[in-house]
Each structure stands twice: as structure tokens, then as C-alpha cells.
**Q** 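Encoded as C-alpha cells, here's the structure I'll be asking about.
Both counts, for ligands and for their atoms, begin at 1 and track the order of listing.
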Amino acid sequence: MDEKAVPPPHVLIFPLPLQGPVNSMLKLAELLCLADLHVTFLVTDYIYARLQRHSNIQTRFSSYPGFHIRTISDGLPENHPRGDKFLELFESLMTNTKPLFKDMLSNGSLGSRVSCIIADGILGFTCDVANQIRVPIFYVRTISAACLWVFFRLPELIQAGDLPFQGDDLDVAVKSVPGMERYLRRRDLPSFCRSADISDPIIEMYKAESTENARAYGLILNTFEDLEGPILNEMRTICPNIYTIGPLHAHLKAQLAANSTSAPPAFSNSLWEEDRTCMTWLDSQPPKSVIYVSFGSLAVMTNDQLMEFWYGLVNSGQKFLWVIRPDSISGYEIPVELSQGTRERGYIVGWAPQEEVLAHRAVGGFLTHSGWNSTLESVYEGVPMICWPYFMDQQVNSRLVEEEWKLGLDMKDTCDRSLIEKTIKNLMEVRKDEFLLRADDMAKSAKTSLTEGGSSFSNLKRLIDDIKSLSAS
Ligand code: UDP
């Protein structure tokens, strides 16, 4: 057959229905569209409604005729908190969404036949369905390779007696995760490892990760070789076909720039309304003078914790831009003695255009919950971090930031105003040059990985070639 007559591969992408995974998998979708692949992006009705309200994906993707968005039910009532009750969301996806997913793929309603599926690896049912209908599947994990590797090793951690913890000392070294022996402590394991009950459903769920991920044709990771090389080498002993194509947000920007002479349009995959007034505020601040504070889309905090941060930030004397998501706290009032300091040095928004904020010349530090997207966005822009992890992979990521990459300071398991003040001063003043130098080096490595011949660039090309040849066969 004439090569031109072969229809392009049709890829179905199914992210975990949470802000972080949806955000990064939309970027992967656009990268595949740029390579002229046809993409159906499958999201739950709940996520679709929020994307329609707050993002600009409709206009952005209108220039890709092969892109379609489709919706599926997550089986939960409208007012369910979803991300806050992740196990319930996960169970409902397994029970209610799985049959709908199978039906959708079998009844021809997606137009041309799907030639491959790219799904979040935590949604194991997608692999069952893919095997039943004989469509190749790639898994994507939107967490760090480091955290995924810890998940892979959960059975060994239990076998070695590292889990459950004996006694309550969280500083005990953990030696049964190869490649991480030098720095991993109990407190750096994913938060659910602190459970005294190893039959906890969350532990059970993640214990199967290594066998689950090895079922797919390949594993796509939002990371880059220079950042997590030693851990990736360990992971390849179990999943040999790994495509490291990150940082995805920057990879997309690089490819858009290479494909066009004009600046790429502004994009937002946000599930919240972005308050762009903070960009004007940043414009009026001196270079590297502002610490940006955000704890992502899921973390919540108590009023006491909020107050500790407030005192710590104001007393540090630094300028700060702070994202306080309205649903992250139960309401607050600015303490009277902090109102002047907040007015003079602070700016508070409900949701920020984070990638642009981190790229702004005025930002010199990031106080973060160490979510993987936030970590990569900060690494790419060369912004040193203070880590205050909330849960899950964030406990692992923050340890790597401080001990392995030396890009910042880990403040996990503490929340004290004077320590917050001291840590901010350390990052923004006392050790500023040292952190900026390392952050700059790592940012250069990230950029190199995305240029022609770089690891992420080459791996994306290999992924696209593999999708094409699987589709042709
Ligand atoms: N984000 C944003 N504006 C904000 C806070 C966060 O656009 O005010 C984005 C951020 O750029 C990142 C995502 O939300 O891409 C958060 O993902 P991450 O993995 O860091 O954390 P999660 O929200 O999953 O805990």
C-alpha cells in the first residue's frame, strides 16, 4: 500500500482523574498530535466539566483535527470530594468505569479503531480490557521514578522487616530499596507506609505495582535520565521498556517552538480559575526576591498550620506570593499583627498560573508540597525549593530534593513558625548562591534532555515510532 494511504495511529489516552495527571497527560496528548497521531483523550464527566469551566483546551486543541475529547462516568455523585477520598474514587473507577470503558472500546463509538491505549498505570483495569480486545497498552506514571521504585519494592520492604515500622523512630535508615540506601529513612517513604497495618487497602493497592507495570508494552515516565538515572537503571531490571520523556510541560513548549515561528499560545489545563493579577505584581518585584508558596491541588491544612506559615513567611522579611486554594482550608482571617507585613511584602491568590510564575525572573524560591509536577516545573526553571510534603510520593520527592540533588531544604514533619522563618532565610539569603548554582546546573541538564539527541527528545521519538509500528502491525 502507498505509505500516504496508511491512516495515522489512533491513540486513546486515559489519565487518572486528578489535576496533576490530567495536566501532564494533556501535554503528552498534544505532543502526539504534533507528530500527526490521532488522539482521543478520555476524561471523567467531573474533570471535563471543570476543564470546560477553567481551561482553554477547547480552543487550543481546535488546531488538531485528529484530537477528540470523550467523557466517561466515574460512578460517583456530583458532590463527592473525589481526590480527598482517593480510595473511594479508585474503587468506583474499578467497579463502575471499567465496564463502560470496555463497552466504549468495543462498540465502535470512538470512530476509527483504537490502535493503542496510553493509560495511567494505577488504572490496572485498562490493561485487562486492552488484553481482552487485543489492543497494545502503554502505562504512564505521573509520579517520580523514585517513588514508583519504592512502590515496586514494597513486598521486599515487608519481607525485610522494614514495614511495618517497629517503634516510632522515623529517622531509622531504610536499606531494602536498591539505589536509595544512602539517604532513605522511614520518614521519606510514601506516607501510607506509616500505617501499623500492612494489610491496609492502600498498601495492598500499591504492593502490586511492579507486576502491574510490567504487564504493559512500555512504561512512560515524566522524568529525565540525568535527574533519576540510577533509579531508572534499577527499575529497568523489572520494566525494561521505559520511555523517560520529561519534563513534559517543557517538552511540549520546546516542540511547539520548533514547529512554529510565532510564540506558542498561552495554555492552561487548570481545574481552578487562574488569578493572573499576580503576574503584574511579580513584574514590579526585583529579580529573585520572591518566594512562591503553593501546596498543589489536593493538600489541605489546619488553621494552626496556616498560622505557622503566615508568621514564618511574614517574619522572614521576604516577599512572598502565596496560593491559598479556597478548598484547602476552612476559612481564615489575617492576624492583625501580620496585616502590615502581608500588605507590604505579600500577595495571595486562590490559584496561580504556576508554570509562568516559576519562570518569572522575580521568583527566587519555591515553598512547595513536592508534588511531582511542581517539582519538575521548579527544576526546569532552576528555582530552589523548600519542601513541605503532604502525602504519598511527596515524602520521597522532598528527600531527593535535599539529599540527592541538593536543590533545597526538606521541612517534612515540622510546622513551626520560627523554623519556617529560618528555613526561608536560609534558602533566600544565607545559602542562596549555593542553591541557585545547583538549580541552574540541573535546569541546564533538563533543557539538554529536550534538545535533538537529548534523552527525553530521543525517547519521545522512540515512543512515537513504536506506536506507529504497533499500529501498522
Ligand atoms: N498548579 C497551578 N496553579 C496553582 C497550583 C498548582 O497551575 O496555583 C499546577 C502546577 O503547575 C502543577 C499542578 O497544578 O502542574 C499540581 O500538580 P502536582 O503534581 O505538583 O501536585 P498535586 O496537585 O497533584 O498534589
Side-chain angles (χ1 to χ4, degrees), residues 15-28 30 47 50-51 54-57 81-84 86 89 120 122 140-148 190-191 221-223 246-253 266-279 281-282 290-301 320-329 347-360 363 366-381 383 385-398 400-401 408 412:
L16 185 67
L18 296 175
Q19 170 75 83
V22 168
N23 188 13
S24 41
M25 283 171 83
L26 270 168
K27 292 184 170 153
L28 173 60
E30 196 164 349
I47 293 289
R50 299 198 57 170
L51 281 173
H54 303 301
S55 81
N56 64 355
I57 65 161
R82 287 165 170 93
D84 271 359
F86 180 67
L89 169 64
D120 195 301
I122 197 132
V140 182
R141 297 314 308 264
T142 56
I143 53 175
S144 58
C147 182
L148 192 58
S191 49
L221 294 178
N222 186 12
T223 188
L248 268 168
H249 72 289
H251 205 157
L252 174 59
K253 280 183 193 148
F267 43 178
S268 153
N269 297 334
S270 281
L271 306 182
W272 284 264
E273 186 72 38
E274 286 177 354
D275 183 343
R276 296 195 56 84
T277 58
C278 60
M279 299 310 294
W281 181 80
L282 281 177
V290 175
I291 179 148
Y292 169 60
V293 187
S294 165
F295 303 116
S297 63
L298 297 168
V300 291
M301 55 165 76
F320 61 91
L321 166 60
W322 191 0
V323 177
I324 306 184
R325 250 181 35 248
D327 57 339
S328 67
I329 36 139
Y347 199 85
I348 296 172
V349 292
W351 190 253
Q354 180 164 303
E355 285 176 34
E356 280 181 66
V357 166
L358 287 168
H360 198 286
V363 172
F366 183 12
L367 172 46
T368 169
H369 70 310
S370 298
W372 188 237
N373 289 295
S374 298
T375 305
L376 282 178
E377 290 158 15
S378 203
V379 163
Y380 186 79
E381 298 300 344
V383 177
M385 287 167 263
I386 295 175
C387 307
W388 191 66
Y390 175 64
F391 72 166
M392 291 294 289
D393 61 321
Q394 300 154 17
Q395 257 73 16
V396 187
N397 303 341
S398 54
L400 274 101
V401 167
K412 70 162 65 82

**Q** Which one of Glu377, Glu355, Glu356 satisfies the salt bridge (charged side-chain N to carboxylate O under 4.0 Å, His left out) criterion with Lys253?
**A**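 When salt bridge (charged side-chain N to carboxylate O under 4.0 Å, His left out) is applied between Lys253 and each of Glu377, Glu355, Glu356, only Glu355 qualifies.
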**Q** Among all protein heavy atoms, pick out the one at the shortest distance from atom 12 (C) of ligand 1; state its residue, atom name and that distance to 0.1 Å.
**A** Glu377 OE2, 3.5 Å
**Q** Under the side chain to side chain contact (heavy atoms under 4.5 Å, CB included) criterion, do Ile291 and Ile386 qualify, and how do the steps go?
**A** CA-CA 10 Å; Ile291 179 148; Ile386 295 175; 4.0 Å; yes
**Q** For atom 18 (P) of ligand 1, grab the closest protein heavy atom and report residue, atom and distance to one decimal in Å.
**A**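 The answer is Asn373 CB, 3.7 Å.
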**Q** Check each atom of ligand 1 against the heavy atoms of Ser294 and keep those under 4.0 Å away; list them by number with element.
**A**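 In order of number, 5 (C).
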**Q** Does some side-chain heavy atom of Val293 sit less than 4.5 Å from a side-chain heavy atom of Thr368?
**A**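 A side-chain contact is absent here, since even the closest heavy-atom pair is not under 4.5 Å.
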**Q** Between Tyr390 and Gln395, does the side chain to side chain donor-acceptor pair (under 3.5 Å) criterion hold? Intermediate values first, please.
**A** CA-CA 7 Å; Tyr390 175 64; Gln395 257 73 16; over 6 Å; no
**Q** For atom 20 (O) of ligand 1, what is the closest protein heavy atom, and at what distance to 0.1 Å?
**A**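 Protein heavy atom with the smallest distance to atom 20 (O) of ligand 1: Ser374 OG, 2.5 Å.
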**Q** What is the nearest protein non-hydrogen atom to atom 24 (O) of ligand 1, stated with its residue, atom name and distance?
**A** Ser297 OG, 4.0 Å
**Q** Within the structure, is a non-hydrogen atom of His369 found at a distance of less than 4.0 Å from ligand 1?
**A**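 His369: in contact with ligand 1 (<4.0 Å).
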**Q** Out of curiosity, is Tyr292 lining ligand 1, as in a heavy atom under 4.0 Å away?
**A** yes
**Q** Specify the protein heavy atom at minimum distance from atom 1 (N) of ligand 1: its residue, its atom name, and the distance to 0.1 Å.
**A**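 In this structure, atom 1 (N) of ligand 1 has Trp351 CZ2, 3.3 Å as its nearest protein heavy atom.
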**Q** Taking side-chain contact (heavy atoms from CB on, under 4.5 Å) as the criterion, tell me which of Leu400, Leu367, Thr375, Val401 meets it with Cys387.
**A**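 Going through Leu400, Leu367, Thr375, Val401 one by one, the side-chain contact (heavy atoms from CB on, under 4.5 Å) with Cys387 is satisfied by Val401 alone.
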**Q** Going by the atom numbers of ligand 1, which of them fall below 4.0 Å from some non-hydrogen atom of Gly296?
**A**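 Result: 23 (O).
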**Q** At less than 4.0 angstrom from any non-hydrogen atom of Trp372, what atoms of ligand 1 do you find?
**A** 19 (O)
**Q** Starting from atom 7 (O) of ligand 1, which protein heavy atom do you reach first, and at what distance in Å?
**A**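 Ranked first by proximity to atom 7 (O) of ligand 1 is Ala352 O, 3.4 Å.
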**Q** Hey, which atoms in ligand 1 end up nearer than 4.0 Å to a heavy atom of Gly371?
**A**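 It comes down to these atoms of ligand 1: 18 (P), 19 (O), 20 (O), 21 (O).
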**Q** Looking at ligand 1, does Gln394 have a heavy atom less than 4.0 Å from it?
**A** yes
**Q** Would you mind running through ligand 1 and noting each atom that sits below 4.0 Å from a heavy atom of Asn23?
**A** 15 (O)
**Q** For side chain to side chain donor-acceptor pair (under 3.5 Å), just list the numbers for Ser144 and Asn397, CA-CA rounded to whole Å, side-chain angles, deciding distance to a tenth of an Å, and then say yes or no.
**A** CA-CA 7 Å; Ser144 58; Asn397 303 341; 2.7 Å; yes
**Q** Looking at non-hydrogen atoms alone, which of Glu356, Gln19, Glu355, Glu274 comes nearest to atom 13 (C) of ligand 1?
**A** Gln19
**Q** Is the Trp322-Tyr347 ring centre distance short of 6.0 angstrom?
**A**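 No.
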**Q** Could you go through the side chain to side chain contact (heavy atoms under 4.5 Å, CB included) check for Val357 and Val363 one step at a time?
**A** CA-CA 7 Å; Val357 166; Val363 172; 4.1 Å; yes
**Q** Report the distance from atom CZ of Arg325 to atom CE of Met301, rounding to the nearest 0.5 Å.
**A** 9.5 Å
**Q** Measure the shortest side-chain to side-chain distance between Pro389 and His369 over non-hydrogen atoms and say whether it is less than 4.5 angstrom.
**A** no
